[in-house]
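Ligands are counted one by one from 1 in listed order, and the atoms in each one are counted from 1 as well. Remember, it's a predicted structure, so these values are computed and weren't measured experimentally.
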Amino acid sequence: MPKIKSLTAREILDSRGWPTLEAEIILDNGLKARASVPGVSPVSVYEAVELRDGDKKRYQGLGVLKAITKINEVIAPALADIDILKQAEIDKKLIELDGTENKSNLGVNTILAVSLVCARAGAAINNQELFEYLGETFSLINPGMPTPIFNIFNGGRHADTNLDFEEFLIIPKKAGASEMVQEGADIFHALGDELKNSGYDTDTGVEGGYAPDLDSSIEAIELMLAASIRAGYNPGKDLWLGVDVGSSILFEENTKRYVFPLDNAYFTSDTLIGLYDSWFKKYPIIYLEDGLAEDDWKKWHDLTAELGKDIMIVGDDLFATNINRLRKGIQEQAANSLVIKLNQVGTLTEAVECVKLANKHNYRVIVSSRSSETNDDFIVDFAVAVRADYLKAGSLSRGERISKYNRLIEIDNILKRNGK
Ligand code: PGA
Ligand code: ZN
């Protein structure tokens with residue numbers, strides 16, 4: 001069995017121009033593998049914690065040199081003799097070395113970089129596609145293609161626009177990956193034309209979706225419908241819409257209200273659920289992410305009970321890819337779908353455990369990129385290996401988004417060639 005000759009990391013820049021980590025393994029038989037992790041994104045309360053330098057003289061304190069030192073001095077020596085094909089043992093070791101509940105010792109970014117690069121090295125040793133290797137390593141059944149979800153308006157913390165909601169999403173009808181990506185791109189381009197014709201900006205936000213100042217949230221929905229029709233697709237038949245409200249930042253703790261500045265409106269949890277209900281009756285929306293703030297368990301239950309039969313009620317900030325929070329959600333019947341973000345949790349093993357628990361309780365699974373990314377396409381292989389229902393990786397522009405959708409098409413072709 002090849003042994004690790006060197007395990008190192010370097011500081012690279014993410015899609016927003018902030019530092020992040022790229023790890024590299026060289027094996028004693030000469031094989032090499034690399035993996036990088038997402039960068040500086042707005043984090044939710046329950047995510048595991050990144051290790052950043054805090055040295056204000058470099059990148060406003062966001063450097064990752066300390067994380068690199070942890071890899072060189074703590075992790076590499078501890079993994080020196082490990083069997084690289086035993087991903088579960090590697091991940092267990094990383095969790096033990098860290099020793100904290102929220103990964104604050106080594107940092108979730110440090111741990112994830114190592115977990116990912118070891119899996120890539122394992123796939124290289126076995127001469128397998130990464131998704132095949134992950135499937136075997138975690139004893140998953142056959143790979144399965146997720147449906148991509150495209151984020152074509154960026155608002156909230158993701159763009160300099162007046163849109164309150166973080167993401168406005170297009171969900172194509174299930175088809176081959178290249179057809180679904182083409183549908184997304186057709187609508188994205190048609191939306192650009194719609195915006196130009198209406199006198200709006202076509203600048204984009206951090207996930208490559210448009211970020212104009214609009215008159216209301218509903219106007220964004222109406223423009224998406226118009227763009228779909230302009231591109232030759234029938235909303236409600238060829239595609240559906242979704243929103244990631246990202247409502248935690250719209251929630252005012254002291255008044256217990258959700259404040260929507262663009263719509264000049266505020267809501268209690270109950271009136272907000274009523275608003276969603278009226279939208280879902282009127283528009284072909286089937287996906288609602290973070291519609292309520294992350295500690296409002298009781299209202300998440302009510303929202304799911306009232307609308308969950310027809311709509312995907314999705315927890316992102318709610319669960320933060322944390323298995324204990326998912327267990328609580330299952331117990332409280334809160335949400336019926338969960339977002340998996342690898343860098344909210346740190347190791348592949350823990351992420352797979354979340355997916356398995358979600359599957360067992362019929363929660364839909366959405367594997368998601370972060371708002372700050374690199375061009376690494378690891379999450380796509382992960383999504384295919386765990387048979388995620390959906391892959392959400394941003395819009396149809398910006399390299400760090402497109403790298404994921406291109407890999408999705410590539411994997412689809414590989415599976416088709418193999419007759420799967
Ligand atoms: P984030 O956004 O990476 O900024 O958290 C992605 C999302 O909310 O789905
Ligand atoms: Zn989200």
Side-chain angles (χ1 to χ4, degrees), residues 14-18 20 36-50 62 108-109 112 146 148-161 163-171 204-209 211 241-251 258 276 285 287-294 296 300 303 311-322 325-326 329 334-346 351 354 363-374 376 378-379 382-383 388-395 398 400-401 404:
D14 70 18
S15 55
R16 275 179 165 136
W18 296 108
T20 190
S36 59
V37 299
V40 181
S41 302
V43 288
S44 56
V45 191
Y46 296 103
E47 295 187 28
V49 176
E50 289 187 327
L62 294 170
V108 70
N109 47 345
L112 182 63
I149 298 183
F150 305 112
N151 173 11
I152 63 171
F153 272 122
N154 294 178
R157 293 166 296 188
H158 289 173
D160 187 13
T161 149
L163 287 172
D164 295 327
F165 296 180
E166 207 155 81
E167 306 183 344
F168 289 79
L169 306 158
I170 293 275
I171 306 169
T204 53
V206 294
E207 294 208 2
L241 305 187
V243 283
D244 178 357
V245 177
S247 71
S248 299
I249 58 156
L250 302 170
F251 184 64
Y258 293 85
Y276 294 143
I285 300 175
Y287 181 106
L288 173 67
E289 182 174 325
D290 285 341
L292 294 169
E294 61 245 325
D296 209 351
W300 270 93
L303 172 67
I311 308 286
M312 291 169 64
I313 306 294
V314 185
D316 171 13
D317 293 349
L318 177 72
F319 295 125
T321 320
N322 177 315
R325 290 188 66 83
L326 177 59
N336 59 23
S337 310
L338 108 139
V339 167
I340 295 275
K341 290 171 173 166
L342 297 179
N343 80 330
Q344 285 182 328
V345 63
C354 276
Y363 275 56
R364 239 77 50 85
V365 172
I366 302 102
V367 170
S368 171
S369 62
R370 297 308 304 252
S371 52
S372 287
E373 273 291 327
T374 71
D376 196 316
F378 195 112
I379 59 162
F382 180 82
D389 301 281
Y390 298 94
L391 170 75
K392 187 160 75 87
S395 184
R398 296 184 63 126
E400 77 280 3
R401 312 286 145 200
K404 274 76 166 171

> Atom 1 (P) of ligand 1: which of Ser44, Ser248, Ser371 has the nearest heavy atom?
Ser371
> Any donor-acceptor pair under 3.5 Å linking the side-chain atoms of Ser395 with those of Arg401?
no
> What verdict does the side chain to side chain contact (heavy atoms under 4.5 Å, CB included) test give for Leu288 and Val245, after you've listed the backbone C-alpha separation in whole Å, the side-chain angles of each residue and the deciding distance to 0.1 Å?
CA-CA 7 Å; Leu288 173 67; Val245 177; 3.7 Å; yes
> Are Glu207 and Ser371 packed together at the side-chain level, in the sense that at least one heavy-atom pair is separated by less than 4.5 angstrom?
yes
> Any nitrogen or oxygen of Asp244, side chain or backbone, less than 3.5 Å from one on ligand 1?
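Yes, there is a polar N/O contact under 3.5 Å.
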> Taking 4.0 Å as the limit for heavy-atom contacts, which would you say applies to Asp317 with ligand 1: side chain only, backbone only, both, or neither?
neither
> If you measure every N or O of Asp316 against every N or O of ligand 1, does any of those distances drop under 3.5 Å?
yes
> Of all N, O or S atoms in Asp244, identify the one at the shortest distance from the Zn ion (ligand 2).
OD2
> Evaluate Lys341 for polar contact with ligand 1, using N/O atom pairs at a separation under 3.5 Å.
yes
> Given side chains that start at C-beta, do those of Trp300 and Asp290 come closer than 4.5 Å, heavy atoms only?
yes
> Please write down residue, atom name and distance for the protein heavy atom closest to atom 5 (O) of ligand 1.
Arg370 NH2, 2.9 Å
> Got Pro38 and Leu112 here, is their nearest side-chain heavy-atom distance under 4.5 Å?
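The answer is yes; the side chains approach within 4.5 Å.
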> With heavy-atom distances below 4.0 Å as the criterion, list the atoms of ligand 1 near His158.
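Listed by number with element: 1 (P), 2 (O), 4 (O), 6 (C).
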> Please tell me if the side chains of Thr20 and Asn109 come closer than 4.5 Å, counting only heavy atoms from C-beta onward.
no
> With the Zn ion (ligand 2) at the center, what angle do OD2 from Asp316 and OE2 from Glu289 span, rounded to 10 degrees?
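Rounding to the nearest 10 degrees gives 100°.
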> Please report which non-hydrogen protein atom sits nearest to atom 9 (O) of ligand 1, along with the residue it belongs to and the distance in Å to one decimal place.
Lys392 NZ, 2.8 Å
> Hey, mind stepping through Lys392 and Leu169 against side chain to side chain contact (heavy atoms under 4.5 Å, CB included) and telling me if it holds?
CA-CA 9 Å; Lys392 187 160 75 87; Leu169 306 158; 4.0 Å; yes
> Taking 4.0 Å as the limit for heavy-atom contacts, which would you say applies to Glu167 with ligand 1: side chain only, backbone only, both, or neither?
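Side chain only.
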> For the atom pair CZ (Phe153) and CD1 (Ile170), what is the distance rounded to the nearest 0.5 Å?
9.5 Å
